[in-house]
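Not measured: the values here are computed from a predicted model.
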Amino acid sequence: MSVIARVLSWIALFVVGAVFGLAATVTHASSLSSLPWVAKTPVLAATLGSGALGIVLGALACGGMLLAVRLLLRDRWAALVTGLGMLAGMVVISGTGPGGSVIVPNDVFGVIWTWTVAGMVLLVAAWPDFSRIRRLQEVRRLQEQQAAAALGPAQGPGERIPDGS
């Protein structure tokens, strides 16, 4: 892959990550408590009405995007750039807006959302590449087979080597 293509793909992935980060940050505090059928059912109101629904859906969307980039492109730097886009999108709208509104307040859900995104980016970008280990094991196995073939047929116990006389 050429340098220009790689840089352009990183720019595109940063923008995609920023869009996912913005969308998930805006909806992180969402709940279903405003729906009448949720409010009438105590179990649903306690679980879905608490605000955790937005965090769960946002984490699934952002985590799924990070995993897709890492697994499909097999490039930790691409996943890191996507994650940095998510973090940038989150940070840009996390502060106090010009009208005084706050999208990510300093409450439990805001702190959980911030650390969830940062943790997912760190985990996906830092996850080891096991395909390299498998390739190294395969190369080592082939080298051992070639070395064994170069030595010739193996001698069993008690077999005599003919001396040629």
Is there a path of hydrophobic side-chain contacts, each under 4.5 Å between heavy atoms, that joins [X] and [Y]?
X	Y	result
V117	V108	yes
L67	W77	yes
V81	V15	no
V3	I11	yes

Can you tell if the side chain of [X] reaches within under 4.5 Å of the side chain of [Y], non-hydrogen atoms only?
X	Y	value
W10	L84	no
I112	I55	yes
V69	V16	no

Locate the shortest heavy-atom distance separating [X] from [Y]; write the atom from each residue and the value.
X	Y	answer
A79	L66	O-CD2, 3.5 Å
F20	M86	CB-CE, 4.2 Å
T116	A59	CG2-CB, 4.0 Å
V104	G110	CG1-CA, 3.7 Å
A125	L80	CB-CD1, 3.9 Å
M120	C62	CE-CB, 3.7 Å

message: For I4, I'd like to know if atom CD1 has over 12 heavy atoms of other residues, nucleotides or ligands within 6.0 Å.
response: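 Incorrect, the count does not exceed 12.
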
- prompt: Is a salt bridge present between R141 and E144, judged by a nitrogen-to-oxygen distance below 4.0 Å?
  reply: no

- request: Hey, could you give me the NE2/OG1 distance between H28 and T114, rounded to the nearest 0.5 Å?
  value: 7.0 Å

message: Please report the interatomic distance CD(Q137) to CZ(R134), rounded to the nearest 0.5 Å.
response: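 So the CD of Q137 and the CZ of R134 are separated by 8.5 Å.
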
- request: Could you tell me whether a side-chain N or O of T25 sits under 3.5 Å from a main-chain N or O of L22, the two making a donor and an acceptor?
  value: no

task: In sequence, state the C-alpha distance, the side-chain angles, and the governing distance for V124 and T82, and then conclude on side chain to side chain contact (heavy atoms under 4.5 Å, CB included).
output: CA-CA 11 Å; V124 171; T82 305; over 6 Å; no

